[in-house]
Amino acid sequence: MVVLMIVALASYRSRGPAFEAGPTDPAPTYSLPGSGVTDRAPVAANLPEPVVPGLTPRRTDPLPVELPVDVVGGDPSGGGGAVPPPVDPPPADGGAAPAPTTTPPAAPAPPAPPSSPMTGRFSVLDSWNNQAFIGEVLLRNRDRVARPWTVRLVPPAGSRLVTSWVEGAPQGSSRMSGGVFTYTSGVNVAPGATVPLRFHFENTGGSIRPSRCTVDGVACSGL
């Protein structure tokens, strides 16, 4: 047994460096094409990285950039984005563009004037064959304060004013113009009081009634 062990040991040592690890192979070298470089310095090969199961390879190309919808031109129906509204071209003569025409709102109607508290009632006091007459407008003040008044009367066409007066009160002023008789009071009528205005017309042409009578714009009664 001892002899066999000695023979085996001698056999192992006799093998020598034949079983020693050889030198490591050098890293491969590459020449850059077209560079003209003769130096054979080691260049790392651009080999793809090994793919590890369960991982996604990293991307080196840039991601696409999405543009906002409002800056992309094109037809909205074709998916190209919004289209700005059309702009009217300037006038050919170089002047300013016409302003849009709008109809102004109608002005409100003025409020109706309040009804006068002065009233008048017409009557015929005397007449002559329907060619002349003496008439009267009895005025009444329904207000709580004294008020002035104005009577306007349109006698029959062609009539001539003979005279006019206020019975039992200070006189006012009268005039005939354009076929219209106008009388303006000379003194205010007291609250609740009445004043008779009388007038004499002739050449009435067969009529003894005026066609119109008003007191402060309010129609007289009795016509």
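Cluster partners of Val218 are absent, since no Ile, Leu, Val, Met, Phe, Trp or Tyr has side-chain heavy atoms less than 4.5 Å from it.
Here the closest non-hydrogen pair linking Gly179 and Val154 is O-CG1, 3.8 Å. Among all heavy-atom pairs drawn from Arg209 and Pro156, the shortest one is O-CG, 3.6 Å. When all heavy atoms are compared, the tightest approach of Arg142 to Ser116 is NH2-O, 3.5 Å. Closest heavy-atom contact between Arg175 and Ser177: NH1-CB, 3.7 Å. Nearest approach of Thr119 to Val215, heavy atoms of both residues: C-CG2, 4.3 Å. Annotation for Phe199 and Leu153: closest pair CZ-CD1, 3.4 Å, computed over non-hydrogen atoms.
Here the straight-line distance linking atom CZ of Phe201 with atom OG of Ser127 works out to 14.5 Å at 0.5 Å rounding. Separating the CZ atom in Arg121 from the CG atom in Leu223 is a distance of 11.5 Å, to the nearest 0.5 Å. Interatomic distance, Cys220 SG to Phe122 CZ, rounded to the nearest 0.5 Å: 9.0 Å.
The shortest distance between side-chain heavy atoms of Asn203 and Ser159 does not fall below 4.5 Å. Under the 4.5 Å side-chain criterion, counting only non-hydrogen atoms from C-beta, Leu138 is in contact with Pro196.
Between the side chain of Ser174 and the backbone N or O of Phe181, no donor-acceptor pair lies under 3.5 Å. Remark: the backbone N or O of Ser207 is paired with a side-chain donor or acceptor of Thr204 at under 3.5 angstrom. Judged by distance alone, with hydrogens and angles left aside, the side-chain atoms of Asn141 form a donor-acceptor pair with the main-chain N or O of Val189 at under 3.5 Å. The closest donor-acceptor contact from the side chain of Thr194 to the backbone of Leu139 lies at 3.5 Å or more, if one exists at all.
Ring geometry for His200 against Trp128 counts as tilted: the plane angle lies between 30° and 60°, on a 0 to 90° scale.
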For side chain to side chain contact (heavy atoms under 4.5 Å, CB included), just list the numbers for Thr150 and Tyr183, CA-CA rounded to whole Å, side-chain angles, deciding distance to a tenth of an Å, and then say yes or no.
CA-CA 6 Å; Thr150 299; Tyr183 195 101; over 6 Å; no
Verdict with supporting geometry, Trp149 and Val137, side chain to side chain contact (heavy atoms under 4.5 Å, CB included)
CA-CA 12 Å; Trp149 49 269; Val137 174; over 6 Å; no
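Checked against side chain to side chain contact (heavy atoms under 4.5 Å, CB included), Leu125 has the following partners two or more places apart in sequence or in another chain: Ser123, Ile134, Glu136, Arg198.
Linking ILVMFWY residues whenever their side-chain heavy atoms come closer than 4.5 Å, directly or via other members, leaves Leu197 and Val187 in distinct clusters.
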